[in-house]
**Student:** 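Just dropping this structure here.
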Amino acid sequence: MKFGNLKITDFGEAKVLKALWLEELIKEYIRFEAVGKKHPVLKQEGFKQRKVTLGVECLKFLLPLLKRIISERWSGANGGVEVSYALPGPRHFKRLHDLYVGGGYDPLALVSLKKGPKSRTVFHQKDVELWLEFAREFASLTRPSMRACYLRLQAEVAKRNIELKANGLRIHHMPSRKCFERLIKSMGAYYLMAKRHGEEHARKKFAIVHGGLALERPGQIVEMDEWKVNLSILLTHFRIWNLLTDEEKNAVERARVWVTVAIDRATKCILAMHFSRRDPSHRSSLAALEMVVTDKTLISSVVGAGDPWVYGLVPEALCTDAGPAFIHEKFRAAVAALRCTQMFPRAGDAAARGTIESFFHTCELRFMDYFHGRSFSNILDRGKYDSHGYAVLNIDEFNRLFVRAIIDIYHNTPHSGLGFETPASAWFRLSQNCAVMQPIDDKSRRDIFGTELIRAITDKGVAVAGIHYNHADLQRARYEQQALPHSPAPRIEVRASRLDVSKISFKKGNDWIEAKASIGIPEGTTLFEWVGARKDLASRHGANAEAKLSVLLACVRDLRAAGAAAATAAGLGVDVLLSKDYEGVEREYFGKPVHDDLAGRLVDIGTLKITDNPLAVGLDAFDHLIAGEGGEDASPADAQANEVLEDAAGSAFTVIDPIAAGDGDDGIYFDDN
């Protein structure tokens, strides 16, 4: 709260990564503290202390052990490359621990080390009744220390004893410091934590200690993982397939697609499905996480589902493996910015993430049989089946059919993990009984998941994709910079959303300020529509034709009316955009600024129309986002040789023949491990 609206994503990657490493160190200490000296690792290492505390001598023994555990865990997830930092001293570790706990278990508290240590937590006392009165003061949102409460009690006892002595009455006695603290601690750790920090703080602390939560509500634990679909797909868009010659059709590349899925453990509902041609990276995982926390009714309309895809929320805990897509600092920073706890179960233990593993297994048994071009887990299962030759589905066609099957079939099929209740029914039942953290608003979505850009400030503001955005604070920053002699042109960090080009956010201090377009761009105009309109104008009138706002918006209106924009706006197979994507668009289509011939007036661009077959139409300005080879845009963290090894015997990716199994199970129920 001291940082205002500052999020951990606003810091550099190096600072974020170190803060996340320190968070793991503190979490591991909390687990040791909860178990105590009976912890098997402490027994093995010959721990001689009476209990696990934040004392100097205890931490001198524990800290090297904690560092070794965290370093091995992180290095094992990074292809053996060591990920480690200088170990803090005992006193500094205690300060970091107090900052982390005092900051609501948010790694943001560990980024900046400029804050002083918190006061020691202390409790109060009195001569039984008086002691209890001051002891209860400790359980307050003002969070006084034990020492402060003890001193207040001392002052009150001294004050009352003066009057009691004058009247010849029995004076009050002070308890010992340890007695006073025991009186406070007898109220219970959870009670004191909830009273001092709030119920949410207490729940998060005990979730770390006990390694999980009792499932009571949607979003309590969300599991996320990737799956390489056992299906050969044609890597071309459905809308242009019929325009190709036979030779071109034969030359079209065939490959398998990755899908990143998020599932709610309490209700078994699917919260996100993001398809990617590339190998998993932070771009695909971020796109899936963004889908989890946003409204998806447009997607269900585009794919032609009978039910709306209403399952969206902000998770309380996110359970992933330690693959490169999920340990990337940008993904972990986005999780932390959502005030969500990320958990990493043990690698190789499929049951630790049984819900998502079971879902992939169900998809393999239930849905893959309907598609030609299916691949198999081994050569015996495949026989003489030519998966490559039978590939007949285009990538966007498969995306549409698969998502529709999940929305309409999976969510309405009895699930054995829910006592044969359907996931849809479980969602509505639990969401009525418990509060659900609703999807984030457009500004929060832009601040957390928006593309980071650096832009120069001019007298018109900052320009992104041919649109100028202005704000009084932008011009104030420009004036202050220009007041310095020989100063460079002022530049500022902005974040842009691909789903709404009418606004951007720029960074001022610790806050992200919203700036509106200085020309009349209606709200909800997507970057895909904006670029598609400019490309259409260039194809009809030449690349050097003047881009008038009225002409571009009329083209956007036509694209919406024709249904060409809906499928692209749904974004099932579009990864998170990078700054180089914006640079390429600006270089190719917006070399000249857009001329505002509407004098700032807003015009209606209509609503998104969805055609009977939205895949037959679309915008091709961003086709390169699904056609590239894996690793072409990988960051250094993604480029490492990272693999999560699974036990083949317990993996949900192993295809099981229900007939050969001999148990009559045809996969009709969605079993949960």
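Model, not experiment: these values are computed from the prediction.
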**Student:** Measure the shortest side-chain to side-chain distance between M224 and L318 over non-hydrogen atoms and say whether it is less than 4.5 angstrom.
**Tutor:** yes

**Student:** Quick one: pull up CD1 in I327 and CD in Q342 and give me the separation to the nearest 0.5 Å.
**Tutor:** 9.5 Å

**Student:** Where is the tightest heavy-atom contact between P522 and S502, given as atom of each residue plus distance?
**Tutor:** O-CB, 3.7 Å

**Student:** Show the nearest heavy-atom pair for residues V551 and L537, with the distance to one decimal.
**Tutor:** CG1-CD1, 3.8 Å

**Student:** Under 3.5 Å, is there a donor-acceptor pair between the side chain of D511 and the main chain of K508?
**Tutor:** no

**Student:** Quick one: CG on D459 to CZ on R478, what's the gap to the nearest 0.5 Å?
**Tutor:** 5.5 Å

**Student:** Determine yes or no for a side-chain-to-main-chain donor-acceptor pair under 3.5 angstrom, with S281 supplying the side chain and A325 the backbone.
**Tutor:** no

**Student:** Taking the side chain from T260 and the backbone from A288, do they hold a donor-acceptor pair closer than 3.5 Å?
**Tutor:** no

**Student:** Could you tell me whether K503 atom NZ has more than 12 heavy atoms of other residues or ligands within 6.0 Å of it?
**Tutor:** yes

**Student:** Evaluate side-chain contact (heavy atoms from CB on, under 4.5 Å) for V16 paired with R332, printing each intermediate quantity in order.
**Tutor:** CA-CA 9 Å; V16 170; R332 299 189 69 180; 6.0 Å; no

**Student:** Which atoms form the tightest heavy-atom contact between C319 and R265, and what is the distance?
**Tutor:** SG-NH2, 4.1 Å

**Student:** Mind running salt bridge (Lys or Arg N to Asp or Glu O under 4.0 Å) on E493 and R455 for me, showing each step along the way?
**Tutor:** CA-CA 6 Å; E493 181 181 351; R455 289 293 185 266; over 6 Å; no

**Student:** Show me the pairs that pass salt bridge (Lys or Arg N to Asp or Glu O under 4.0 Å) and involve residues 512-522, at least two apart or across chains.
**Tutor:** R446-E514

**Student:** Quick one: list whatever passes side chain to side chain donor-acceptor pair (under 3.5 Å) with K460, sequence neighbours left out.
**Tutor:** none

**Student:** For the atom pair CD1 (I504) and CG (L474), what is the distance rounded to the nearest 0.5 Å?
**Tutor:** 7.0 Å

**Student:** Do V335 and F326 make a side-chain contact, defined as non-hydrogen atoms from C-beta onward lying under 4.5 Å apart?
**Tutor:** no

**Student:** Should T267 and L430 count as side-chain neighbours, where that means a heavy-atom distance under 4.5 Å?
**Tutor:** yes

**Student:** Do you know which two heavy atoms are closest between L552 and A533, and how far apart they sit?
**Tutor:** O-CB, 3.6 Å

**Student:** Within a strict 4.5 Å, meaning less than it, do heavy atoms of the W427 and Q432 side chains meet?
**Tutor:** no

**Student:** T451 and D581: side-chain contact (heavy atoms from CB on, under 4.5 Å), yes or no, with the steps?
**Tutor:** CA-CA 10 Å; T451 305; D581 297 318; over 6 Å; no

**Student:** Hey, could you give me the CD1/CD1 distance between I221 and I263, rounded to the nearest 0.5 Å?
**Tutor:** 12.5 Å

**Student:** Is it true that E588 and K535 have a side-chain N and a carboxylate O under 4.0 angstrom from each other?
**Tutor:** no

**Student:** For the CG atom of D441 and the CG atom of D295, what is their distance to the nearest 0.5 Å?
**Tutor:** 13.0 Å

**Student:** Quick check: do S300 and D307 have side-chain heavy atoms less than 4.5 Å from each other?
**Tutor:** no

**Student:** Tell me whether K443 at atom NZ has more than 12 heavy atoms from other residues, nucleotides or ligands lying less than 6.0 Å away.
**Tutor:** yes

**Student:** Dump the intermediate steps for side-chain contact (heavy atoms from CB on, under 4.5 Å) on I492 and V494, then the final yes or no.
**Tutor:** CA-CA 6 Å; I492 197 167; V494 303; 3.9 Å; yes

**Student:** What distance do L289 atom CG and K330 atom NZ have between them, rounded to the nearest 0.5 Å?
**Tutor:** 14.5 Å

**Student:** Indicate yes or no for a side-chain donor-acceptor contact from Q438 to the backbone of V436 under 3.5 Å, with no hydrogens or angles considered.
**Tutor:** yes

**Student:** Please confirm whether Y410 and F359 have ring centers closer than 6.0 angstrom.
**Tutor:** yes

**Student:** Side chain of T341, backbone of A317: donor and acceptor closer than 3.5 Å?
**Tutor:** no

**Student:** Is a donor on one side and an acceptor on the other found under 3.5 Å between the side chain of R534 and the backbone of Y589?
**Tutor:** yes

**Student:** Quick one: does any side-chain atom of E226 pair with a main-chain N or O of P280 as donor and acceptor, under 3.5 Å?
**Tutor:** no

**Student:** Salt bridge (Lys or Arg N to Asp or Glu O under 4.0 Å) for E290 and R498? Distances and angles first, verdict last.
**Tutor:** CA-CA 12 Å; E290 183 180 7; R498 64 190 184 280; 3.1 Å; yes

**Student:** Hey, does I270 have a side-chain heavy atom less than 4.5 Å from the side chain of W309?
**Tutor:** yes

**Student:** Do side-chain atoms of D408 reach the backbone of G306 as a donor and acceptor pair under 3.5 angstrom?
**Tutor:** yes

**Student:** Begin with the C-alpha distance, continue with both residues' side-chain angles, and end with the deciding distance and a verdict on side-chain contact (heavy atoms from CB on, under 4.5 Å) for F590 and I467.
**Tutor:** CA-CA 9 Å; F590 298 101; I467 305 171; over 6 Å; no

**Student:** If every non-hydrogen atom of L553 is compared with every non-hydrogen atom of G520, which pair is closest and at what distance?
**Tutor:** CD1-O, 3.5 Å

**Student:** Can D447 and S505 be said to form a side-chain hydrogen bond (donor to acceptor under 3.5 Å, both in side chains), step by step?
**Tutor:** CA-CA 7 Å; D447 294 348; S505 296; 2.8 Å; yes

**Student:** Tell me, yes or no, whether the heavy-atom count around D442 atom CG, taken from other residues, nucleotides or ligands under 6.0 Å, exceeds 12.
**Tutor:** no

**Student:** Residues in salt bridge (charged side-chain N to carboxylate O under 4.0 Å, His left out) with D500, at least two apart?
**Tutor:** none

**Student:** Could you report the tightest heavy-atom contact between D264 and G219, atom names first, then the distance?
**Tutor:** OD1-N, 2.8 Å

**Student:** I'd like to know if K268 and E223 make a salt bridge, using a cut-off of under 4.0 Å between side-chain N and carboxylate O.
**Tutor:** no

**Student:** Would you call V261 and D225 a side-chain contact if the rule is heavy atoms closer than 4.5 Å?
**Tutor:** no

**Student:** Test your reading of the model: is there a side-chain donor-acceptor pair from T525 to the backbone of I521, 3.5 Å cut-off?
**Tutor:** no

**Student:** Could you tell me whether a side-chain N or O of Y469 sits under 3.5 Å from a main-chain N or O of V501, the two making a donor and an acceptor?
**Tutor:** yes

**Student:** Are L453 and Y582 close enough that some pair of their side-chain heavy atoms sits under 4.5 Å apart?
**Tutor:** yes

